[in-house]
Number of protein chains: 2
Amino acid sequence: MRLVIARCSVDYAGRLEAHLPSAIRLLMRKADGSVLVHADGGAYKPLNWMNPPNTFSEESGPEGASRWVVRSPKGETLTIELEEVLADHRHDLGVDPGLRKDGVEAHLQELLAAAPGSLGDGFRLVRREYPTDIGPVDLLCHDPTGEQVAIHLTSEPSPGPAAGLAAGGHYVAVEVKRRAGIDAVEQLARYLERLNLDPILRPVRGVLAAQAIAPQARVVAEARGIHCVVVDYDVLRGAAEPELRLF
Amino acid sequence: MRLVIARCSVDYAGRLEAHLPSAIRLLMRKADGSVLVHADGGAYKPLNWMNPPNTFSEESGPEGASRWVVRSPKGETLTIELEEVLADHRHDLGVDPGLRKDGVEAHLQELLAAAPGSLGDGFRLVRREYPTDIGPVDLLCHDPTGEQVAIHLTSEPSPGPAAGLAAGGHYVAVEVKRRAGIDAVEQLARYLERLNLDPILRPVRGVLAAQAIAPQARVVAEARGIHCVVVDYDVLRGAAEPELRLF
DNA sequence: ACGTTGATTTCGTAA
DNA sequence: TTACGAAGTCAACGT
């Protein structure tokens, strides 16, 4: 990794065009070829950058000035005019071990799959990522209460739900989000529309489960008969490991 | 700006939890308070970071080791254990002048407004950012072909379209996107629903114009009678400056 | 202040 | 490989 502090101006031409007038900035060139231009503000995002793969060229000018030209194979060009170089450090960092993340939507879905009762009394999980022709529904559950549905004696294809569950109650399609907006409601509504075309599943209700639900989304959801459930991550983690709650 | 090269391990606890095992990394602390952890790869995104506002504390340990703890008011915590510091530079960069951008969606909209014929044969622009009660439609155009609409002799309020254009053909609401997904289709569908409540405008057709349209979005659009137009930025730039095409 | 939309989004994953 | 959804999305703009 090379770190340069320099007074410079920057031009980017590619998917858009951008220009940075002359100022003192940090230029970073990583071992993977990335070039980053950072100011002393603007949080974690660089003012300008070029991701790998790219070709890098450095031309010397008069009085310590120089020019960096970085080109991507897609025709993007990042040009940096270094007018005055105040520092130029190089460091060998080696390869970084990976980052471990925990607590994203996938994990929330796991916890809900392990504790479907959090979504509604008596709910049982039928399948995660239940496939439809417009994409998979996060969770398909079964609610033993409510209206009776027809009993199907015919055997069903593999991806179908277990026939036994359909004997009473109804199915519930669950959309899991960390933060649910109107788009989540519409996504779930599309799934419900599809699922309710299937006479074997019908009627399918909808549940929107999220750590936070936008007020507008809640209004739209209720209007469409979709039930909203706000889930708490920590409570859920407890519910998924019920043995911990006995003590 | 402070730049530290150090062997360190990092833990983040906040909206999610993340852990980075010990390795040599660049730690950046900007004048605005941001703390960034960069590896020598991974392009422009830091491995971990904390945006301002935050509180920063640095504790010294034995043999040059130290610990940085960065806390945000929302309860997020970034903890960096510096086991070995290889470099520690400070630089005063000053305030950065702004970035000038050109060529984003707004610019695409300008080009289409200047060359509405790209959207359909004979299309004329009625208005950009045509207001509705759920937000402005990117472009409202008029298609001289197709069904006849009623002629309105009454004068109209200022934001209304020119009455003369309504004498033949029909109106077209255009949604402009760089990349169109299903959400763009639904956004346009909502606008069309609203616009078609207006007896003066009715009937209003829909056109989705984008540099790239997701296949699923195209299916949904066609199903709703919305026409899809893929626009090319460079061609459009040529069409918007027709004098250049004479030579 | 809040909500909505765009982004050189980037990044992961599943088909 | 491609396509699609999620992101510690962030950030800008309009209400």
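Chain A is the first sequence line, chain B the second, and so forth, proteins listed ahead of strands; every chain is numbered from 1.
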Could you go through nucleotides 4-6 of chain C and list every protein N or O atom that sits under 3.5 Å from one of its N or O atoms, giving the distance for each pair?
| from | atom 1 | to | atom 2 | distance (Å) |
| --- | --- | --- | --- | --- |
| dT4(C) | OP1 | Q216(A) | OE1 | 2.2 |
| dT4(C) | OP1 | Q216(A) | NE2 | 3.3 |
| dG6(C) | OP1 | E105(B) | OE1 | 3.3 |
| dG6(C) | OP1 | E105(B) | OE2 | 3.1 |
| dG6(C) | OP1 | K177(B) | NZ | 2.8 |
| dG6(C) | OP2 | K177(B) | NZ | 3.0 |
| dG6(C) | O5' | E105(B) | OE1 | 3.4 |

Selection residues 19-36 of chain A - residue pairs positive for salt bridge (charged side-chain N to carboxylate O under 4.0 Å, His left out), sequence neighbours left out: R25(A)-D96(B)
Between dG5(D) (P) and Q109(A) (CD): distance, integer Å: 15 Å
Pairs where residues 185-195 of chain B contributes a residue and the test salt bridge (charged side-chain N to carboxylate O under 4.0 Å, His left out) is met, not counting sequence neighbours: E186(A)-R190(B), R190(A)-E186(B), D133(B)-R194(B), E186(B)-R224(B)
Let me check something: any side-chain donor-acceptor pairs from residues 42-57 of chain B under 3.5 Å, sequence neighbours excluded? List them with distances.
| from | atom 1 | to | atom 2 | distance (Å) |
| --- | --- | --- | --- | --- |
| N54(B) | ND2 | G33(B) | O | 3.1 |
| N54(B) | ND2 | N51(B) | O | 3.2 |

Over all atoms of both residues, closest heavy-atom pair of A209(B) and L112(B): CB-CD1, 4.0 Å
K101(B) NZ to dT8(C) P, straight-line distance once rounded to whole Å: 4 Å
Nearest-angstrom distance, C1' atom, dA6(D) to dA7(C): 15 Å
side-chain contact (heavy atoms from CB on, under 4.5 Å) against Q211(B), all qualifying residues, sequence neighbours excluded: L108(B), R178(B), V231(B), Y233(B)
Non-neighbouring partners of Q109(A) that pass side chain to side chain donor-acceptor pair (under 3.5 Å), sequence neighbours left out: R128(A), E129(A)
Integer angstrom distance from the C1' of dG14(D) to that of dT8(C): 24 Å
Nucleotide nearest E76(A) when distance is taken to its side chain, options dT8(C), dC4(D), dG8(D): dT8(C)
With the criterion being N/O to N/O and under 3.5 Å, what pairs connect the protein with nucleotides 10-15 of chain C, and how long is each?
none

Non-neighbouring partners of E81(A) that pass side-chain contact (heavy atoms from CB on, under 4.5 Å), sequence neighbours left out: S9(A), R67(A), T79(A)
Residues forming a salt bridge (Lys or Arg N to Asp or Glu O under 4.0 Å) with E222(A), sequence neighbours excluded: none
